[in-house]
Protein chains: 2
Amino acid sequence: MPNPGGSRRDRPAKPALSLQWIVAETIKIIRTEGLERATMRRVAQALDTGPASLYVYVANTAELHAAVLDELIGATEPEPGDWMARLQSVLGSYADVLFTYPGLARSALVLRPTGPHALRLYDQVLGLLLEGGIAVERAAWGVDLLLQHVTATAAEHSAPARADVDAPPDGAAQMDVLRGALRGADPVENPHVAAHAEALLAGTPAQRQAWAIRALVQGIATTPTQS
Amino acid sequence: MPNPGGSRRDRPAKPALSLQWIVAETIKIIRTEGLERATMRRVAQALDTGPASLYVYVANTAELHAAVLDELIGATEPEPGDWMARLQSVLGSYADVLFTYPGLARSALVLRPTGPHALRLYDQVLGLLLEGGIAVERAAWGVDLLLQHVTATAAEHSAPARADVDAPPDGAAQMDVLRGALRGADPVENPHVAAHAEALLAGTPAQRQAWAIRALVQGIATTPTQS
DNA sequence: ACCTGAACACCGTTCAAGT
DNA sequence: ACCTGAACACCGTTCAAGT
């Protein structure tokens, strides 16, 4: 006599899987345990099923990560202001997403996000460059350059996948190593680095990021696509 | 009576391990089987030992990859010409290294190469920007921007680690997906992308790379570090 | 069509024990 | 000090079998 009376008390009626649910659960895991923990096996476990079940909805782990990233990109939005201020703010909010989930930036470089939210971001950035009066061929190539810069910067600040869970989630450690290497440069082997180590290390990340975007826009606006 | 006569025929007298030898063997594996095959276990096997032995010389897999990358950067060299031509050629030869061993570029973004050869590359790029008459604070920040661009571009063209060994080693596939997404953009949702899809996709990788470097240098040269 | 248990073929890293 | 076998704690993906 299975399931008498139309309800059973043993299980809370497991709903059917769906890509949306899988993505939502994966984001929860990334948020609480980090990207490296969001494995097919771990996600399947959270969904109370076996890893094989996920392959009905995604072809592989990369595709799952891509779906997650597009979902997160949905949160990016420009604040009001002139075109340059809006550009800085869309790129800034994209950077925030990538910095919040370090490791996803690494994926984003290779994944080339192409979901609906990513496309909207692409469209916003292109629109802002055109609004700034930049020639269309330059603006078109510039979009890639700007998004690549933000993505790469976030990826740099994310640490490689760690075995040790307790350690800080840094990438700041890598920065310290670089700092040490530049400060310790041999004036004979590396004269320029040795002479200008402090200039190389100057500025806060925010200052450097803002400068980089201004410099990129400046270069994009003034450099003809035909040499 | 072990080892009579001072020589034995059973084994070719296994030499002692060394970081140099480990790196050399790892490069061989990367060259023939790809980075994703160059695991601690696979490298140890090639060295006819167990994986634990490698941990005497490197702290983890990332450190092994970093040592390999620095070794490979040793091959970069500028060709003669004015400072801009030399800049394009050093960056080009660095790009060649990263494109030849796709996947190492992905590591390079996070690893922040700091070995002797990487430092030399850093020094060359900084020297060339200064030779071009660029203000030292801008040149110093610009080095990062230029190397980051090259590294990120190479990383983009490398595919994610694949289970399937027979498939093309592309990343070109990702580009095709992007192409399709841009061409198929909805004119209402993404008006700018839809209107300028061809401009977004225009140019060969080489043309875009050369333009990007000119644009970066232009932006670096003309953008004050203080807004 | 969707879902699953179990298996296949791997990983990085640690550790106690040897030389 | 250097090296090692064996183990610990995982992976992604596939496949035959079920519903």
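Numbers restart at 1 for each chain; the letters A, B, ... are given by sequence-line order, proteins then strands.
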Integer-rounded Å distance: C:dG12 C1' and B:E36 CD:
16 Å
To the nearest angstrom, the CH2-P distance between A:W21 and C:dC2 comes to 16 Å
From CG of B:L47 across to P of D:dC3 the rounded distance in Å is 11 Å
Presence of A:Y57 side-chain N/O under 4.0 Å of C:dC3 phosphate oxygens OP1/OP2:
yes
Rounded to whole Å, please give me the gap between CD in B:Q45 and P in C:dA9.
15 Å
At under 4.0 Å between heavy atoms, what does B:T39 touch on the DNA or RNA strands: base, sugar-phosphate, or nothing?
sugar-phosphate
Closest-nucleotide ordering on DNA chain D, the 5'-leading residue of A:Y55 and B:L17:
B:L17
From D:dC10, C:dG5, C:dC2, pick the nucleotide closest to the side chain of A:V56?
C:dC2
Secondary-structure notation, DNA chain D, from Watson-Crick and G-U pairs under 3.5 angstrom (| other strand)
||.|||||...|||||.||
Can you measure from CZ (B:R106) to OG1 (B:T151) and round to the nearest 0.5 angstrom?
13.5 Å
Tell me which nucleotide among D:dG12, D:dC3, C:dT13 gets nearest to the side chain of B:N60.
C:dT13
Rounded to the nearest Å, what distance is computed from the CZ atom of residue A:R37 to the P atom of nucleotide D:dA9?
12 Å
Roughly how many Å is it from CE in B:M40 to C1' in D:dC10, rounded to a whole number?
16 Å
Only counting residues at least two apart or in another chain, list the ones meeting side-chain contact (heavy atoms from CB on, under 4.5 Å) with B:A185.
A:L119, B:N190, B:V193, B:A194
Kindly point out which of D:dT13, C:dT13, D:dC3 is positioned nearest to the side chain of B:R41?
C:dT13
Would you indicate, yes or no, if D:dC3 has its OP1 or OP2 atom less than 4.0 angstrom from a side-chain nitrogen or oxygen of B:T49?
no
Sequence neighbours excluded, the answer for side-chain contact (heavy atoms from CB on, under 4.5 Å) partners of A:A38 is A:T26, A:I29, A:I30
If I take atom CG in residue A:L54 and atom C1' in nucleotide D:dC11, what distance separates them, rounded to the nearest angstrom?
14 Å
Sorted by first residue and then second, give each salt bridge (charged side-chain N to carboxylate O under 4.0 Å, His left out) pair with at least one member in residues 16-32 of chain B; sequence neighbours left out.
B:E25-B:K28
Distance, rounded to the nearest Å, where A:H65 contributes NE2 and D:dC11 contributes P:
12 Å
Residue pairs fulfilling side-chain hydrogen bond (donor to acceptor under 3.5 Å, both in side chains) with at least one residue in residues 60-71 of chain A, sequence neighbours excluded:
A:D70-A:H117
Got a sec, which residues hit side-chain contact (heavy atoms from CB on, under 4.5 Å) with B:P51, two or more places apart in sequence or on another chain?
B:R41, B:A44
State whether a side-chain donor-acceptor pair under 3.5 Å links B:Q209 with B:H149.
yes
Is the distance from OP1 or OP2 of C:dT13 to the nearest side-chain N or O of B:T61 less than 4.0 Å?
yes
If we take the P atom in both D:dC10 and C:dA9, what is their distance in whole Å?
22 Å
